[in-house]
Amino acid sequence: MNNSWLRRAMENLFKKSEEQEDFQKARQEWLYNGLEDNEYCEAECELCNHEEIRYEYTIINSLNKNVMIVGSECIKKFTDDFKTDFYDIEGNLVNEKRLSKDKNEYFKKILNEALDERLANSNNSFYKSIAEQIKKDGKLTPNQLKHLYNFYPTLSDMGKRAFKSIVKVSLRKQREQEQIATLSQINLEFVAQFMTPEQRKRFGISHS
């Protein structure tokens with residue numbers, strides 16, 4: 001661990017922990033309790049004092065119930081890159097894979113709420129089917145995705161991040177691949193931003 005980080009972290013952690021001398025013992029008092037995406041980056045990491053953190057990971061002290069908000073880098077350092085066992089409030093082991101899963105689930109929640117508000121309750125069965133497909137696995141054909149050209153700009157910045165994280169372009173079947181050639185330039189540019197670099201290279205599509 002970086003000495004300057006450790007010095008700040010010790011000072012801030014001891015303020016809210018029962019243990020006041022041993023950092024390793026003090027951090028064992030703390031449990032993971034989820035995250036939120038603060039799109040306005042207004043929060044400060046309470047462990048290292050870094051300002052304008054986007055992802056706010058909440059940890060709770062199991063002994064005195066104090067709460068701290070820490071950033072994505074500090075949550076890794078806090079566990080010595082997960083070499084030290086770290087648990088959530090339900091006793092489950094927390095590792096980097098778990099945090100990635102939680103971030104993905106958080107994005108799904110944000111996107112599903114937007115889908116329910118705008119598409120799932122639509123009288124148009126086609127749009128409802130697209131909403132259900134996104135909720136199922138996030139994979140849309142080029143023709144399905146192009147119909148969300150007007151929907152995408154209505155999302156908040158957080159909603160757009162969630163959309164880009166969850167929605168993928170399905171190009172496994174021949175008919176799906178053929179749809180790429182039928183897209184207008186505007187629709188192609190829209191669909192391309194959700195394709196993987198490998199997909200864009202395969203189809204000779206540039207993406208700015």
Peer 1: Nearest 0.5 Å, what's the CD-CG distance between Gln133 and Leu145?
Peer 2: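 Result: 12.0 Å between the selected atoms.
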Peer 1: Please work out whether the ring planes of Phe78 and Phe23 are parallel, tilted or perpendicular, with thresholds of 30° and 60°.
Peer 2: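 Perpendicular: the ring planes of Phe78 and Phe23 meet at over 60°.
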Peer 1: Show the numbers, then the answer: is there a side chain to side chain contact (heavy atoms under 4.5 Å, CB included) between Tyr32 and Asn92?
Peer 2: CA-CA 9 Å; Tyr32 169 69; Asn92 300 306; over 6 Å; no
Peer 1: Linking I/L/V/M/F/W/Y whenever any side-chain heavy atoms sit under 4.5 Å apart, do Leu6 and Val70 land together?
Peer 2: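 Linked, Leu6 and Val70 end up in one cluster.
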Peer 1: List the residues meeting ring-ring contact (aromatic ring centres under 6.0 Å, His included) with Phe126, not counting sequence neighbours, and say none if there are none.
Peer 2: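 Listed in chain order: His147.
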Peer 1: Checking side chain to side chain contact (heavy atoms under 4.5 Å, CB included) for the pair Ile59/Glu46: CA distance, chi angles, key distance, verdict?
Peer 2: CA-CA 10 Å; Ile59 56 176; Glu46 296 180 8; over 6 Å; no
Peer 1: At what distance, to the nearest 0.5 angstrom, does CG of Asp102 lie from CG of Leu35?
Peer 2: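 The distance works out to 6.0 Å.
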Peer 1: Tyr149 and Pro153: which non-hydrogen atoms are nearest, and at how many Å?
Peer 2: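 So the minimum-distance heavy-atom pair works out to O-CD, 3.0 Å.
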Peer 1: Donor-acceptor pair, distance only, cut-off 3.5 Å: does the side chain of Ser17 make one with the backbone of Leu13?
Peer 2: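 Confirmed, Ser17 side chain pairs with Leu13 backbone.
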Peer 1: Would you say Asn12's side chain and Arg8's backbone share a donor-acceptor pair under 3.5 angstrom?
Peer 2: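 At least one qualifying donor-acceptor pair exists.
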Peer 1: Grab the two heavy atoms, one from Ile53 and one from Glu56, that are nearest each other, plus how far apart they are.
Peer 2: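 The answer is CD1-CG, 4.3 Å.
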Peer 1: With salt bridge (Lys or Arg N to Asp or Glu O under 4.0 Å) as the criterion, how do Glu113 and Lys109 come out once you've worked through the C-alpha distance, each side chain's angles and the decisive distance to 0.1 Å?
Peer 2: CA-CA 6 Å; Glu113 288 174 353; Lys109 176 177 177 290; 3.1 Å; yes
Peer 1: Taking atom NZ of Lys146 as the centre, does the number of heavy atoms from other residues, nucleotides or ligands within less than 6.0 Å exceed 12?
Peer 2: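 Yes, because the 6.0 Å sphere around NZ of Lys146 holds more than 12 heavy atoms from other groups.
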Peer 1: Begin from the C-alpha positions of Arg161 and Asp157 and carry the test side chain to side chain contact (heavy atoms under 4.5 Å, CB included) through to its verdict.
Peer 2: CA-CA 6 Å; Arg161 286 177 62 85; Asp157 287 346; 5.7 Å; no
Peer 1: Kindly give the heavy-atom pair with the smallest separation between Cys45 and Gly71, and that separation in Å.
Peer 2: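 What the structure gives for the nearest pair is SG-N, 3.5 Å.
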Peer 1: For the pair Glu29 (side chain) and Ser62 (backbone), establish whether a donor and an acceptor sit closer than 3.5 Å, ignoring hydrogens and angles.
Peer 2: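 No, Glu29 side chain to Ser62 backbone: no donor-acceptor pair under 3.5 Å.
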Peer 1: Return yes if some donor-acceptor pair links the side-chain N/O of Arg118 with the main-chain N/O of Thr154 below 3.5 Å, else return no.
Peer 2: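 The answer is yes, because a donor-acceptor pair under 3.5 Å joins these two groups.
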Peer 1: For Phe203, which residues count as a ring-ring contact (aromatic ring centres under 6.0 Å, His included) partner, sequence neighbours excluded?
Peer 2: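 Counting only residues at least two positions away or on another chain, Phe203 forms no ring-ring contact (aromatic ring centres under 6.0 Å, His included).
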Peer 1: Calculate, to the nearest 0.5 Å, the distance between atoms CG and CG belonging to Leu111 and Leu155 respectively.
Peer 2: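 Nearest 0.5 Å value for the CG-CG distance: 7.0 Å.
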Peer 1: Kindly compute the distance separating NZ (Lys103) from OG (Ser72), expressed to the nearest 0.5 Å.
Peer 2: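 The OG atom of Ser72 is 6.0 Å from NZ of Lys103, to the nearest 0.5 Å.
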Peer 1: Can a donor-acceptor pair be found, under 3.5 Å and without considering hydrogens, that links the side chain of Gln179 to the backbone of Asn143?
Peer 2: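 Side chain of Gln179 to backbone of Asn143, a donor-acceptor pair under 3.5 Å: yes, one is there.
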Peer 1: Could you measure the distance from the CG atom of Asn61 to the NZ atom of Lys65? Nearest 0.5 Å is fine.
Peer 2: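 Between Asn61 CG and Lys65 NZ, I get 8.0 Å after rounding to 0.5 Å.
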Peer 1: Within the 4.5 Å heavy-atom criterion, are Ile134 and Leu148 side-chain neighbours or not?
Peer 2: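 Counting from C-beta outward, Ile134 and Leu148 do come under 4.5 Å.
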Peer 1: Decide yes or no for Ile69 and Tyr57: does some side-chain heavy atom of the first lie under 4.5 Å from some side-chain heavy atom of the second?
Peer 2: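 They are not in side-chain contact.
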Peer 1: Under the side-chain hydrogen bond (donor to acceptor under 3.5 Å, both in side chains) rule, what do Glu189 and Gln185 come out as? Steps first, then yes or no, please.
Peer 2: CA-CA 6 Å; Glu189 291 175 0; Gln185 186 61 34; 3.2 Å; yes
Peer 1: Donor-acceptor check, side chain of Glu51 to backbone of Glu44, threshold 3.5 angstrom: yes or no?
Peer 2: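 No; zero donor-acceptor contacts below 3.5 Å.
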Peer 1: Quick check: does any side chain N or O of Glu105 sit under 3.5 Å from a backbone N or O of Phe107, one acting as donor and the other as acceptor?
Peer 2: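 No, Glu105 side chain to Phe107 backbone: no donor-acceptor pair under 3.5 Å.
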Peer 1: Is the backbone of Phe194 close enough, under 3.5 Å, to the side chain of Lys164 for a donor and an acceptor to pair up by distance?
Peer 2: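 Judged by distance alone, no pair lies under 3.5 Å.
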Peer 1: Test of understanding: clusters of I, L, V, M, F, W, Y form through side-chain heavy atoms closer than 4.5 Å, transitively. Do Leu99 and Leu31 belong to the same one?
Peer 2: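 Hydrophobic grouping puts Leu99 apart from Leu31.
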Peer 1: Applying the side chain to side chain donor-acceptor pair (under 3.5 Å) criterion to Ser170, which one of Gln177, Glu176, Lys139 satisfies it?
Peer 2: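 Between Ser170 and the candidates, side chain to side chain donor-acceptor pair (under 3.5 Å) is satisfied uniquely by Glu176.
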Peer 1: Do Trp30 and Phe14 sit in one hydrophobic cluster, given that two such residues count as connected whenever their side-chain heavy atoms are within less than 4.5 Å of each other, even indirectly?
Peer 2: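 Trp30 and Phe14: one cluster.
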Peer 1: So, taking the atom named NZ in Lys108 and the one named NZ in Lys101, what distance separates them when rounded to the nearest 0.5 Å?
Peer 2: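 Separation between the atoms: 9.0 Å.
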Peer 1: Tell me whether Ile205 shares a hydrophobic cluster with Val191, the cluster being built from Ile, Leu, Val, Met, Phe, Trp, Tyr side chains joined at under 4.5 Å.
Peer 2: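 Linked within one cluster.
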Peer 1: Sub-3.5 Å donor-acceptor pair from the side chain of Gln193 to the main-chain atoms of Phe190, do we have one?
Peer 2: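 Pair found, side chain donor or acceptor close to backbone of Phe190.
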Peer 1: Apply side chain to side chain contact (heavy atoms under 4.5 Å, CB included) to His50 and Trp5, showing your working.
Peer 2: CA-CA 10 Å; His50 182 78; Trp5 177 88; over 6 Å; no
Peer 1: Are Leu183 and Leu171 connected in the hydrophobic side-chain network, where two residues link if heavy atoms are under 4.5 Å apart?
Peer 2: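 Yes, because Leu183 and Leu171 connect within a single hydrophobic cluster, where side-chain heavy atoms sit under 4.5 Å apart.
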Peer 1: If only atom types and distance count, is the side chain of Asn66 paired as donor or acceptor with the main-chain N or O of Lys16 below 3.5 Å?
Peer 2: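 Indeed, once roles are kept as given, a pair shorter than 3.5 Å links the two residues.
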